Amino acid sequence: MPFTLPNLPYAQDALEPHISANTLSFHHGKHHNAYVTNLNGLIEGTEHEGKSLEDIIKNSDGGIFNNAAQVWNHTFYWHSLSPNGGGEPSGALAEKINADFGSLDKFKEEFSNAAKTQFGSGWAWLVLDNGKLKITKTGNAETPITQNQIPLLTLDVWEHAYYLDYQNKRPDYIETFLNKLVNWEFAAENFGKQEVFKAA
Ligand code: MN3
């Protein structure tokens with residue numbers, strides 16, 4: 001079965017005024033959709049047809065990798081944002097952030113720095129790497145799932161993610177993400193799944 005574009009987990013205008021419906025109509029409806037369409041075209045009749053997205057990402061390169069990873073990264077990104085986002089993490093994740101970064105403010109500083117300094121197109125991530133929280137950044141379509149890291153959150157820093165709303169002001173988009181949009185519940189879910197996995 002070919003891959004399909006997943007729906008956004010909220011209405012297209014739900015992130016306004018921070019991310020406009022116009023941005024989401026292009027970013028989800030055009031960019032993300034194009035990665036899905038391209039991927040389906042590229043894998044047709046190849047060994048990748050019928051495989052899971054993660055399996056394709058871990059066993060491909062070139063155009064197939066780029067489109068597959070971008071499909072995965074974007075779906076993960078939509079969930080990293082919430083109309084009720086911002087605020088602070090709670091519970092085990094909050095404790096882990098304090099333990100591994102020192103404080104939430106320190107986490108924000110490091111995450112913001114990674115997102116600002118990703119030169120050109122790419123992504124900033126909060127990942128769990130060998131039991132420790134880390135901030136990473138990846139170029140273009142690169143994704144932590146090929147590095148044996150468990151992603152908890154991501155921010156798309158390709159220009160198409162923010163240019164209509166913030167123009168060249170990437171730092172303002174990053175600050176808005178960290179203060180108004182970041183979905184700590186999603187991060188906690190991803191963190192919790194990992195804890196369950198470890199305990200099993
Ligand atoms: Mn994007």
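On a predicted model such as this, the values are computed, not experimentally measured, just so you know. Order of appearance sets the numbers: ligands from 1, and atoms from 1 within every ligand. Side-chain atoms are counted along with the backbone in the values below, which use heavy atoms only and exclude waters and symmetry mates.
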With a cut-off of 2.8 Å, does H27 place any N/O/S atom under that distance from the Mn ion (ligand 1)?
yes
Heteroatom of [X] nearest to the Mn ion (ligand 1) (N, O or S, atom name):
{"X": "H74", "value": "NE2"}
{"X": "H160", "value": "NE2"}
{"X": "D156", "value": "OD2"}

Would a line drawn from the ring center of [X] to the ring center of [Y] be shorter than 6.0 Å?
{"X": "W72", "Y": "F65", "value": "no"}
{"X": "F177", "Y": "H18", "value": "no"}
{"X": "W158", "Y": "H74", "value": "no"}

Look at the aromatic rings of H27 and W78 and report parallel, tilted or perpendicular, splitting at 30° and 60°.
perpendicular
